[in-house]
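Ligands are counted one by one from 1 in listed order, and the atoms in each one are counted from 1 as well.
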Amino acid sequence: MSAATDNANVPAHVAIIMDGNGRWAQQRGLPRTVGHKVGVESVQAVVRAAQDLGVRILTLYAFSTENWRRPPLEVQALMGLLKSFLESELTAMVSNNVSLRSIGRKEQLPGPVREVLERVIAETAGNTGIILNLALSYGGRTEIVDAALAVAGRCRAGELAPEAITETFFADHLYTRGLADPDLLIRTGGERRLSNFLLWQASYAELYFIDTLWPDFRAEDLATAVRYYQGRQRRFGKTGEQVR
Ligand code: IPE
Ligand code: IPE
Ligand code: MG
């Protein structure tokens, strides 16, 4: 693997499962919420680093449908951090040409969080730089079921025949419609599982798992992951000779 990043082969879409905040705090004898707070600093650093590398889309798994099962006080702290992150980053996102999007069941978020999220999405909608896509109250299975419901509804309304359903048509009903699939999927924190993240979209993503806990993950760690990606041969079912 070469030490330098190949600027011509940067993954267009990087998706990250930001895991390990709680353990980072516990290792220091601190409450889990402190880990989430420092994790926000990693988010800020990684968004900038992704922009500098030329990544077009950065999807961050910030809160899963399963995370609602956590103790209410931790959920409250996470929602509070999300709200203050959005409020404090709005100016920077506007001046750095960042376009914010979100995937997930937005309607499940507390009203004030949803309001600021929608405001930042609207105010950055015209930006043409990196797309920062936050997965909030997101679950891959829920997303697929929601798409199936939407497609079934259109069939019932007589808008289309079931035989007309293709992969592309179905994908156009996922939360990620209009976004290319992730090329590189990173998980920090040592676990090697997807935890219900981008189940459909990650079908051909390169997977990169590292033990580094999310609050310790910074620009150089993203660059290392990108170099790992650049060392892979993406065959998409073909032989190595065919894609060389
Ligand atoms: C990731 O860190 C943040 C969220 C899931 C919201 P965790 O809070 O899962 O940290 P660990 O896995 O318990 O260390
Ligand atoms: C996945 O992390 C969800 C996010 C990073 C938002 P979890 O910490 O919730 O995953 P599991 O439950 O350990 O698989
Ligand atoms: Mg975790």
Side-chain angles (χ1 to χ4, degrees), residues 13-47 50 57-86 88-89 100-110 112-114 116-117 131-146 174-176 179 182 184-202 205 207-218 221-222 225:
H13 185 172
V14 176
I16 309 182
I17 302 174
M18 310 182 288
D19 197 22
N21 293 352
R23 279 164 286 162
W24 185 94
Q26 278 159 348
Q27 284 172 4
R28 288 161 178 78
L30 299 164
R32 295 176 55 86
T33 49
V34 178
H36 296 314
K37 234 179 242 157
V38 180
V40 174
E41 293 170 24
S42 300
V43 170
Q44 290 161 328
V46 166
V47 173
I57 307 166
L58 177 67
T59 296
L60 300 178
Y61 203 6
F63 197 87
S64 71
T65 46
E66 289 73 27
N67 288 148
W68 291 112
R69 300 179 189 147
R70 292 194 178 194
L73 279 178
E74 181 168 342
V75 171
Q76 224 176 66
L78 283 164
M79 291 299 144
L81 280 170
L82 172 61
K83 185 165 172 283
S84 59
F85 166 79
L86 292 168
S88 67
E89 286 297 296
L100 188 79
R101 283 188 57 157
S102 76
I103 52 173
R105 287 211 165 152
K106 247 193 296 204
E107 65 278 7
Q108 290 175 338
L109 300 172
V113 177
R114 204 173 57 230
V116 57
L117 176 69
I131 294 173
L132 174 58
N133 184 33
L134 295 181
L136 298 168
S137 195
Y138 174 86
R141 287 189 169 182
T142 304
E143 177 181 37
I144 292 168
V145 169
D146 280 351
L174 295 168
Y175 305 144
T176 49
L179 299 177
L184 170 64
L185 193 155
I186 300 170
R187 183 174 188 141
T188 64
E191 311 296 351
R192 282 156 171 77
R193 56 181 176 245
L194 290 178
S195 303
N196 206 10
F197 188 45
L198 300 179
L199 296 181
W200 171 284
Q201 299 88 339
L207 307 179
Y208 181 78
F209 298 102
I210 42 158
D211 292 338
T212 307
L213 304 172
W214 178 249
D216 289 327
F217 191 92
R218 290 299 145 97
D221 302 293
L222 181 68

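Residue contacts with ligand 1: A62 is placed with no nitrogen or oxygen under 3.5 Å of a nitrogen or oxygen of the ligand (distance criterion only). Polar contact check, S64 against ligand 2: no nitrogen or oxygen pair lies under 3.5 Å apart. Considering both main-chain and side-chain atoms, N67 never comes within under 3.5 Å of ligand 1 through any nitrogen or oxygen pair. An N or O contact shorter than 3.5 Å is missing between Y61 and ligand 2 by distance.
With hydrogens left out, the protein atom closest to atom 2 (O) of ligand 1 is N21 N, 3.2 Å, a heavy atom. Taking atom 5 (C) of ligand 1 as the reference point, the nearest protein heavy-atom neighbour is R70 NH2, 3.4 Å. The nearest protein atom to atom 10 (O) of ligand 1, hydrogens excluded, is given as G22 N, 2.9 Å; this is a heavy-atom distance.
Salt bridge status for E107 with R114: absent, with no side-chain N to carboxylate O gap under 4.0 Å.
Taking the ring centre of W24 as origin, the terminal cationic atom of R28 falls inside the region bounded by 6.0 Å and 45° from the ring axis.
Here the side chains of N133 and L179 are in contact, with some heavy-atom distance below 4.5 Å. A 4.5 Å side-chain heavy-atom check between L199 and L194 finds at least one atom pair inside the cut-off. W214 is listed as a side-chain neighbour of V43, based on a closest heavy-atom distance under 4.5 Å. You'll find the side chain of D19 reaches within 4.5 Å of the side chain of E191, heavy atoms only.
Partner I186 forms a side chain to side chain contact (heavy atoms under 4.5 Å, CB included) with one of D221, I17, L222 and no other, that one being L222.
In this structure, atom 14 (O) of ligand 2 is in close contact with the protein, since a protein heavy atom lies within 4.0 Å of it.
Heavy atoms of R32 come nearer than 4.0 angstrom to ligand 1 in at least one pair. A heavy-atom separation below 4.0 Å is found between M18 and ligand 2. Ligand 2 has R187 within reach: a non-hydrogen atom of the residue lies less than 4.0 Å from it. The shortest heavy-atom distance from G20 to ligand 1 is under 4.0 Å. Distances from ligand 2 to the non-hydrogen atoms of R193 include at least one value under 4.0 Å.
The aromatic rings of F197 and Y138 stand perpendicular to each other, their planes meeting at an angle above 60°, with 30° marking the opposite boundary.
Side-chain contact, T65 with R105: no donor N or O sits under 3.5 Å from an acceptor N or O. Using a 3.5 Å distance cut-off with no hydrogens or angles, the side chains of E74 and H36 do pair a donor with an acceptor.
Among the atoms of E191, no N, O or S atom falls under 2.8 Å of the Mg ion (ligand 3).
Atoms of ligand 1 found under 4.0 Å from any heavy atom of H36, numbered from 1 in the order shown, are 3 (C), 8 (O). The contact set between ligand 1 and R23, taken as ligand atoms under 4.0 Å from a residue heavy atom, comprises 11 (P), 12 (O), 14 (O). Listed by atom number, the atoms of ligand 2 under 4.0 Å from F63 heavy atoms are 6 (C).
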- Task: Take I16 and R187 through the side chain to side chain contact (heavy atoms under 4.5 Å, CB included) test and state the conclusion after the steps.
- Result: CA-CA 6 Å; I16 309 182; R187 183 174 188 141; over 6 Å; no
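The atom name of the N/O/S atom in D19 closest to the Mg ion (ligand 3) is OD1.
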